[in-house]
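Here's the structure we're looking at; comments come further down.
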Amino acid sequence: MNCYFEAVSGLTTVGATIISGLDEMPRSILLWRALTQWIGGLGIIVLFVAILPSLGAATKRLFVAETGTTRSGVRPEVRQTARLLWIIYSCLTLAQLIALRLAGMTWFDATCHAFSTLATGGFSTRDASAAAFSSPGIEWIIILFMILGGANFGLYCQLVRRRFRAVLADTELRLYLGSIAVVTAIIAAVIVHTSITSTAGQAASATTVEAVRAAAFQTATIQTTTGFATSDFNQWPLIAKSLLVLLMFIGGCSGSTSGGIKVIRVWIVVRALAGEIERSFRPNVVRPVRVGGSIIDDTAMRAAMSYFIAVILLWVVGTGVLLLLEPAIDFTTAGTAVVACFSTVGPGLGRVGATETYAWLGEPSKLMLCGVMLLGRLEIFALLVLFSIRFWRD
């Protein structure tokens, strides 16, 4: 069961682990763990950016349901799009690998962390995760590439074709980067001059620079659902932990390796809710929901809202089941374990925090969380609709 849990966690890029003592593990196992995440990250990008928009009307509807928008694929030719995405993904991985090596990592550690970062997976070669290297430069490099991994890879295809204006005008990208910046600033203000404990076990009072770096790293790793860690955020003030849990639910951009509800869906739900509030006191106003200048039709809006509700229901049910299976754990541990597995984050709070593992859970709990990982990685509807005869018939 432990092997199955670790394999599912790797291929779904969740990063939840049952293994401790990573520093002493054989290199072959550490490399294989990182490689499973790299393969899983590439697979999900090709599926949602290249394949789904190009397989006819039925999968077109599935693509709309999954991304929450009516945007089409970046190119009509699946093979060419997949090849371009593979090249971009590989080039970004190679760029990070070289950057980490220049910053002081060994070739082996740099390779494993580059594989895990671009896939937004979070498997490390050390128990202390990124904090084990005690290098601000390495941390900032990982922050940068986590953010790149959490962005829509369709935009990188646009950059290759020199469509810079379209990239800069992308609403989801701006919201994504804005949320990282805002949450980083709030958390940094909360933890500055307080005692911060690193995942390596070292405690120290945080200067302004250290607070900003710690806040930026944890915000980026949670928003992009990567799961690396440099600080034991389990010990941070309530407002900081609350913001991180909120980011677990939101996740990264559509068409990325990140999990979560996705930024674009959350924004559509917010805009739809604002429209309904306005209609409650101005019933004669007809104002379509717009995202980035484009009108979101009722189909896409219903898909986004349905997915949002489905995630909340899955979280409630999953948390309840985990509490029944593990009577000794608290609500914080159960709730964050479920959202961390569904949103492919990995670490949560409580007994599944940044310095903990999932090894203590019983086998039924691990099996249930494996199902949650699969549902989260394939975004619920994609997995369930594949078992529908009507979908394939239509």
Side-chain angles (χ1 to χ4, degrees), residues 12-15 37-38 40-49 66-69 71 74 85 88-93 95-96 99 113-124 129-130 139-159 167-168 170-184 187 215-230 243-267 311 339-347 376-379:
T12 57
T13 72
V14 173
Q37 294 199 321
W38 194 79
L42 177 61
I44 206 69
I45 289 173
V46 173
L47 174 65
F48 283 106
V49 179
E66 288 309 303
T67 60
T69 69
R71 66 178 71 174
V74 291
L85 289 169
I88 292 171
Y89 190 70
S90 299
C91 287
L92 287 173
T93 303
Q96 186 189 2
H113 283 82
F115 282 171
S116 294
T117 303
L118 260 298
T120 61
F123 278 160
S124 178
S129 192
E139 291 180 23
W140 283 113
I141 290 169
I142 293 176
I143 289 170
L144 172 62
F145 282 92
M146 285 193 296
I147 293 173
L148 292 175
N152 189 334
F153 272 69
L155 296 179
Y156 297 136
C157 295
Q158 301 281 22
L159 286 175
V167 175
L168 294 174
D170 189 81
T171 300
E172 185 181 31
L173 178 64
R174 288 187 288 179
L175 289 170
Y176 166 66
L177 296 177
S179 63
I180 291 176
V182 170
V183 174
T184 295
I187 293 179
F217 194 98
Q218 295 309 145
T219 299
T221 195
I222 296 299
Q223 171 95 58
T224 63
T225 71
T226 304
F228 283 133
T230 56
L243 287 172
L244 292 179
V245 172
L246 177 63
L247 292 182
M248 287 183 189
F249 279 99
I250 295 174
C253 299
S254 60
S256 71
T257 58
S258 296
I261 296 173
K262 300 295 171 59
V263 174
I264 191 65
R265 286 200 192 98
V266 173
W267 185 238
V311 169
V339 68
C341 287
F342 175 83
S343 295
T344 74
V345 176
R377 180 68 283 179
L378 294 178
E379 304 205 345

Can you name the closest pair of heavy atoms from Y156 and L148 and give their distance?
OH-O, 2.6 Å

Would you say T226 and T120 are linked by a side-chain donor-acceptor pair, where the criterion is simply a distance under 3.5 Å?
no

Is it the case that W38 and T93 place a side-chain donor and acceptor less than 3.5 Å from each other?
yes

Taking the side chain as every heavy atom from C-beta outward, state whether T225 and F342 have any pair of such atoms under 4.5 Å apart.
no

Within the structure provided, determine whether P347 and V345 are in side-chain contact (heavy-atom separation under 4.5 Å).
yes

Rounded at 0.5 Å granularity, tell me how far OG in S179 sits from CG in L177.
7.5 Å

In chain order, what residues pass the side-chain hydrogen bond (donor to acceptor under 3.5 Å, both in side chains) check against S343, with sequence neighbours excluded?
none

Q37 backbone acceptor or donor facing T13 side chain under 3.5 Å
no

Nearest heavy-atom neighbours spanning S256 and A151:
CB-O, 3.0 Å

Heavy-atom closest pair, residues A215 and I187:
CB-CG2, 3.7 Å

Regarding T117 and Q96, do their side chains bring together a donor and an acceptor under 3.5 Å, going by distance alone?
yes

Main chain of I147, side chain of Y176: is a donor-acceptor contact present, judged purely on distance under 3.5 Å?
yes

If you look at every heavy atom in G41 and A119, which pair is closest and at what distance?
CA-CB, 4.1 Å

Mark yes or no for whether E172, through its side chain, and I264, through its backbone, hold a donor-acceptor pair below 3.5 Å.
yes

Out of curiosity, L246 CG to I222 CD1, how far, rounded to the nearest 0.5 Å?
11.5 Å

Report yes or no: does Q223 contribute a side-chain atom to a donor-acceptor pair with the main-chain N or O of G251 at less than 3.5 Å?
yes

Backbone N/O of T230 and side chain of Q218: donor-acceptor pair under 3.5 Å:
yes

Under 3.5 Å, side chain of N152 to main-chain N/O of C253, donor-acceptor pair present?
no

In this structure, CD1 of I180 is separated from CD1 of I143 (nearest 0.5 Å) by 10.0 Å

Any side-chain to backbone donor/acceptor pair from T344 onto R377? Under 3.5 Å, distance only.
no

Of all heavy-atom pairs linking M248 and V339, the shortest is SD-CG1, 3.8 Å

Strictly distance-based, threshold 3.5 Å: is any side-chain N or O of S258 a donor or acceptor partner for the main-chain N or O of T224?
yes

Test ring pair (Phe, Tyr, Trp, His ring centres under 6.0 Å) applied to F228 - qualifying residues, sequence neighbours left out:
H113

Got a sec, which residues hit side-chain hydrogen bond (donor to acceptor under 3.5 Å, both in side chains) with S129, two or more places apart in sequence or on another chain?
none

Determine yes or no for a side-chain-to-main-chain donor-acceptor pair under 3.5 angstrom, with T257 supplying the side chain and L118 the backbone.
yes

